[in-house]
Amino acid sequence: MVFEQSLEQIDPDTSQAIDSERNRQESTLGMIASENHVSNAVLEAQGSLLTNKYAEGYPGNRYYGGCEHVDTVERLAIERAKKLFGADHINVQPHSGTQANMGVYFSVLEPGDRILSLSLSHGGHLSHGHTVNFSGQLYNVEQYEVDPETGYIDYTELENQAREFDPDLIVSGSSAYPRTFQYDRLAEIANTVNAYHLADIAHITGLIAADVHPSPVGDADFVTGSTHKTIRAGRGGIIMCQQEHADDVDSAVFPGSQGGPLMHNIAGKAAGFAEALTDDFEAYANQTVANAKALAEVFTERGLSLVSDGTDKHLLLVDLRESHPEITGKEAESLLSEVGIVVNKNTVPGETRSPMVTSGIRIGTPALTTRGFKEPEMQTIAGLIVDVLDSEGSRNVQTEVAETVEQLCEEFPIYD
Ligand SMILES: *Cc1c(COP(=O)(O)O)cnc(C)c1O
């Protein structure tokens, strides 16, 4: 019977690829700022038979029978998220962070309305109005940038731009901004021009849950997040809003832009949020930031230049133009990947190269911190990264670094 066979029996190719990916995660240092490792509990929830269940609608109000148990799961996810974030209303159904942003746009904007958001090359996200994304195609978008000198958002400049453009919605939040956001200031600006404010906390959901980063809840009209970056609740999205927008947001998600919710992923969110309510998680979030600061210190000592000169959170943006003008972000990514250090190339403020080449690399600590790395290991790793960048292609350096990476990975296994 096909039904009873294992993945390995039915589909050895896919099974093999999953095993290889497990091996890759265990045997490399994952420093992509948007990635993390979920617990076995979250894996179990996401891999559960909840994938079988249709549950269009919301708990207690579904279009299908047999929803009593998935109702329990969705209510648990919502209750726990409320404890973590303190928002009036929470929707845990968005399939991803992009879908969460779509849910908010569809709840308060009409096609052609104006959005003011951070430019992609300065740390923004495709779903904040880029022309290749629905958000850039449906809405009239203008973008703000960080100050190229300081790397910080200049709120006075942002206010001037808002007064001129008169947006319906201001989006804050980013994928590569190493500093905290001033949500009270953003709320003030939005108020002045009578716009809504959406705080997209995709990268920092876990830091906010643990009070390591200021929370926009209470200041922003809408908050969206992903559930798989600094919070380890498995792949997905979340929307928070004030009660007055609850019905509009819920109907913009379903039936507005999604069909049945992914109940297995919502179970992952419930389990991951339960973990995030523990003291262990608070310690994890604090360590994630301490680790990023430890990296920043060594990088600076060894002559790398960091956008905004450092970090308040889980990521750093290295601008290679001064220290290593001959190495592009793309080349740095590939040099590091050869020794088992996985980062991504990233545009930097004032970028002159294309997004496929870039002059920077983004480096994050959420996944390594999950593995148990602390400041001493981060100092070692920072040193290894600079060694590779300084090596001018020396095989000896590469081999030595690769050996140290291998040892570190063996010392700090992920799933065993
Ligand atoms: C990662 C991210 C998202 C969500 O991305 P998905 O891949 O759609 O889950 C949204 N906004 C920002 C700023 C992000 O960094």
Side-chain angles (χ1 to χ4, degrees), residues 30-36 38 42 46 81 91-106 115-130 132-136 139 141 143-146 153 169-181 183 186 197-209 213 215-216 220 222-240 252-253 257-258 261-262 265-266 268-269 272 288 292 307 311-317 343-347 355 360 362-367:
M31 301 186 82
I32 293 185
S34 50
E35 291 182 356
N36 211 329
V38 297
V42 172
Q46 283 204 320
N91 187 310
V92 294
Q93 291 194 4
H95 303 328
S96 73
T98 297
Q99 295 288 122
N101 286 339
M102 183 183 260
V104 170
Y105 300 154
F106 284 9
I115 296 179
L116 180 61
S117 62
L118 183 63
S119 128
L120 184 67
S121 64
H122 285 237
H125 190 258
L126 289 170
S127 63
H128 295 177
H130 197 279
V132 299
N133 183 264
F134 80 93
S135 53
Y139 307 108
V141 180
Q143 303 210 287
Y144 57 95
E145 301 190 333
V146 301
I153 292 169
L169 177 74
I170 297 178
V171 184
S172 67
S174 81
S175 310
Y177 183 61
R179 296 299 179 176
T180 50
F181 287 92
Y183 292 119
L186 283 153
H197 169 210
L198 160 62
D200 177 346
I201 61 167
H203 260 259
I204 49 177
T205 315
L207 305 185
I208 289 171
H213 184 290
S215 171
F222 304 93
V223 178
T224 54
S226 61
T227 52
H228 49 272
K229 295 180 181 173
T230 47
I231 203 160
R232 298 173 295 196
R235 203 150 281 269
I238 185 170
I239 304 177
M240 308 173 213
V253 173
S257 56
Q258 292 189 170
L262 309 179
N265 279 14
I266 291 175
K269 291 172 191 177
T288 300
V307 171
T311 182
D312 300 325
K313 1 202 238 220
H314 62 296
L315 66 83
L316 306 165
L317 195 52
V343 304
N344 62 279
K345 61 179 175 285
N346 214 98
T347 50
R362 187 184 67 162
I363 302 185
T365 54

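Each ligand, and each atom within it, is numbered from 1 in the order the structure gives.
Both the backbone and the side chain of T98 come within contact range of ligand 1, each with a heavy atom under 4.0 Å.
N36 places a side-chain N or O within donor-acceptor distance of the main-chain N or O of K229, the cut-off being under 3.5 Å.
In this structure, atom 15 (O) of ligand 1 lies nearest to the protein heavy atom S175 OG, 2.8 Å. From the protein, the heavy atom lying nearest to atom 10 (C) of ligand 1 is D200 OD2, 3.4 Å.
Between F134 and F106, the ring-plane angle classifies as perpendicular under the 30° and 60° cut-offs. Ring geometry, H213 versus Y183: the interplanar angle falls from 30° to 60°, so the pair is classed tilted.
The closest approach between a heavy atom of S34 and any atom of ligand 1 is not below 4.0 Å.
The heavy atom nearest to atom 2 (C) of ligand 1, out of those in K229, H228, R235, is found in K229. Comparing G97, S226, G124 by heavy-atom distance to atom 6 (P) of ligand 1, the nearest is G97.
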Exercise for the section: Go through the steps for H128 and D200 under the test side chain to side chain contact (heavy atoms under 4.5 Å, CB included), then give the verdict. Expected result: CA-CA 9 Å; H128 295 177; D200 177 346; 2.7 Å; yes
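Considering backbone and side-chain atoms alike, Q99 places every N or O at 3.5 Å or more from each N or O of ligand 1.
A pairwise comparison of heavy atoms in K313 and L207 identifies CB-CD1, 3.7 Å as the closest pair. Taking all atoms of both residues into account, the shortest heavy-atom contact from I32 to R362 is CG2-NH2, 3.9 Å.
Each of the atoms 15 (O) of ligand 1 lies under 4.0 Å from some heavy atom of H203.
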